[in-house]
Engineer: 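First the structure, then my questions, so here it is.
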Amino acid sequence: MAEFYSSLSPETVHWFLAVHHQNMRPGLLRYVRDAAAGGQPLVLEGSAVRPDLVDADLPPATAFIFLHAHPDILRARVHAQSGYGELDAAHRALVDAFLDRSLRDNAAIIQDAELRGLPCLDSGDAGALDRYVAQMFGRRP
């Protein structure tokens with residue numbers, strides 16, 4: 001698997017991720033609709049929950065808030081979790097490819113959410129959620 005992915009361009013790896021997310025879309029939509037039909041509250045999180053889901057025919061009470069992290073935070077997390085400093089060059093290259101894909105995806109989500117006028121909160125900003133909730137309910141943070 002490592003050999004296969006290391007032979008692909010960063011653009012191709014990101015394209016594969018986009019196709020994967022598109023393939024997950026029908027299941028996500030079904031999950032949201034089933035929960036709403038059953039009167040169940042539902043919170044979905046994850047990178048497969050894409051801004052383009054707002055284009056689907058979803059229940060009226062459906063709301064979207066997209067979280068993102070600054071590239072430096074993502075880089076630090078990936079390096080820490082992978083033990084990057086202890087890896088040899090070949091394994092660092094794999095981590096670098098994963099990180100590149102993650103950064104591209106993060107930027108794409110931010111851009112798409114902003115184009116659609118959806119809330120897009122910086123997860124590194126401790127007050128972002130409080131300000132958003134205050135704005136939604138007309139209160140001061």
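Since the structure is predicted, the reported quantities are computational estimates derived from the model, not experimental observations.
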Engineer: Could you tell me if the side chain of Leu28 sits less than 4.5 Å from the side chain of Val32, heavy atoms only?
Structural biologist: no

Engineer: Closest heavy-atom contact between Leu29 and Ala56?
Structural biologist: CD2-CB, 3.4 Å

Engineer: Looking at Glu11 and Arg104, what are the two nearest heavy atoms and their distance?
Structural biologist: OE2-NH2, 3.5 Å

Engineer: Less than 4.5 Å apart, side chain to side chain, heavy atoms only: is that true for His21 and Leu17?
Structural biologist: yes

Engineer: Could you measure the distance from the CZ atom of Arg33 to the CG atom of Leu42? Nearest 0.5 Å is fine.
Structural biologist: 13.0 Å

Engineer: Report yes or no: does Asn106 contribute a side-chain atom to a donor-acceptor pair with the main-chain N or O of Ala69 at less than 3.5 Å?
Structural biologist: yes

Engineer: Mind checking whether Arg131 and Leu121 have side chains closer than 4.5 Å, heavy atoms only?
Structural biologist: no

Engineer: Is it true that a side-chain atom of Ser102 and a backbone atom of Phe98 form a donor plus acceptor pair closer than 3.5 Å?
Structural biologist: yes

Engineer: Minimum heavy-atom separation for Tyr132 and Phe64, please, with both atom names.
Structural biologist: OH-O, 4.5 Å

Engineer: Between Arg116 and Pro51, what is the shortest heavy-atom contact and its length?
Structural biologist: CD-O, 3.5 Å

Engineer: Distance check, rounded to the nearest 0.5 Å: His14 atom NE2 versus Leu103 atom CG?
Structural biologist: 10.0 Å

Engineer: Ignoring hydrogens, what is the shortest heavy-atom contact between Asp100 and Pro10? Give both atom names and the distance.
Structural biologist: OD2-CB, 3.1 Å

Engineer: Mark yes or no for whether Arg92, through its side chain, and Tyr84, through its backbone, hold a donor-acceptor pair below 3.5 Å.
Structural biologist: yes

Engineer: Is the count of non-hydrogen atoms from other residues, nucleotides or ligands lying under 6.0 Å from Gln111 atom CD greater than 12?
Structural biologist: no

Engineer: Are Ile73 and Ile110 co-members of a hydrophobic cluster defined by side-chain heavy atoms under 4.5 Å apart?
Structural biologist: no

Engineer: Give the intermediate values and the outcome of side chain to side chain contact (heavy atoms under 4.5 Å, CB included) for residues His79 and Leu99.
Structural biologist: CA-CA 9 Å; His79 283 184; Leu99 181 57; 4.0 Å; yes

Engineer: Is it true that a side-chain atom of Ser123 and a backbone atom of Leu67 form a donor plus acceptor pair closer than 3.5 Å?
Structural biologist: no

Engineer: Nearest 0.5 angstrom please: Ile109 CD1 to Arg50 CZ, how far?
Structural biologist: 4.0 Å

Engineer: Rounded to the nearest 0.5 Å, what separation is found between the CG atom of Asp52 and the CZ atom of Arg25?
Structural biologist: 4.5 Å

Engineer: Closer than 4.0 angstrom, basic N to acidic O: yes or no for Asp72 and Arg77?
Structural biologist: no

Engineer: Using only heavy-atom distances, determine whether the side chains of His20 and Asn23 contain a donor-acceptor pair under 3.5 Å.
Structural biologist: no

Engineer: Is a donor on one side and an acceptor on the other found under 3.5 Å between the side chain of Thr12 and the backbone of Leu8?
Structural biologist: no

Engineer: Between atom CG of Leu44 and atom OG1 of Thr62, what is the distance when rounded to the nearest 0.5 Å?
Structural biologist: 9.5 Å

Engineer: Are any non-hydrogen side-chain atoms of Val49 and Glu45 less than 4.5 angstrom apart?
Structural biologist: no

Engineer: Can you tell me how far CG of Leu129 sits from CD1 of Ile65, rounded to the nearest 0.5 angstrom?
Structural biologist: 6.5 Å

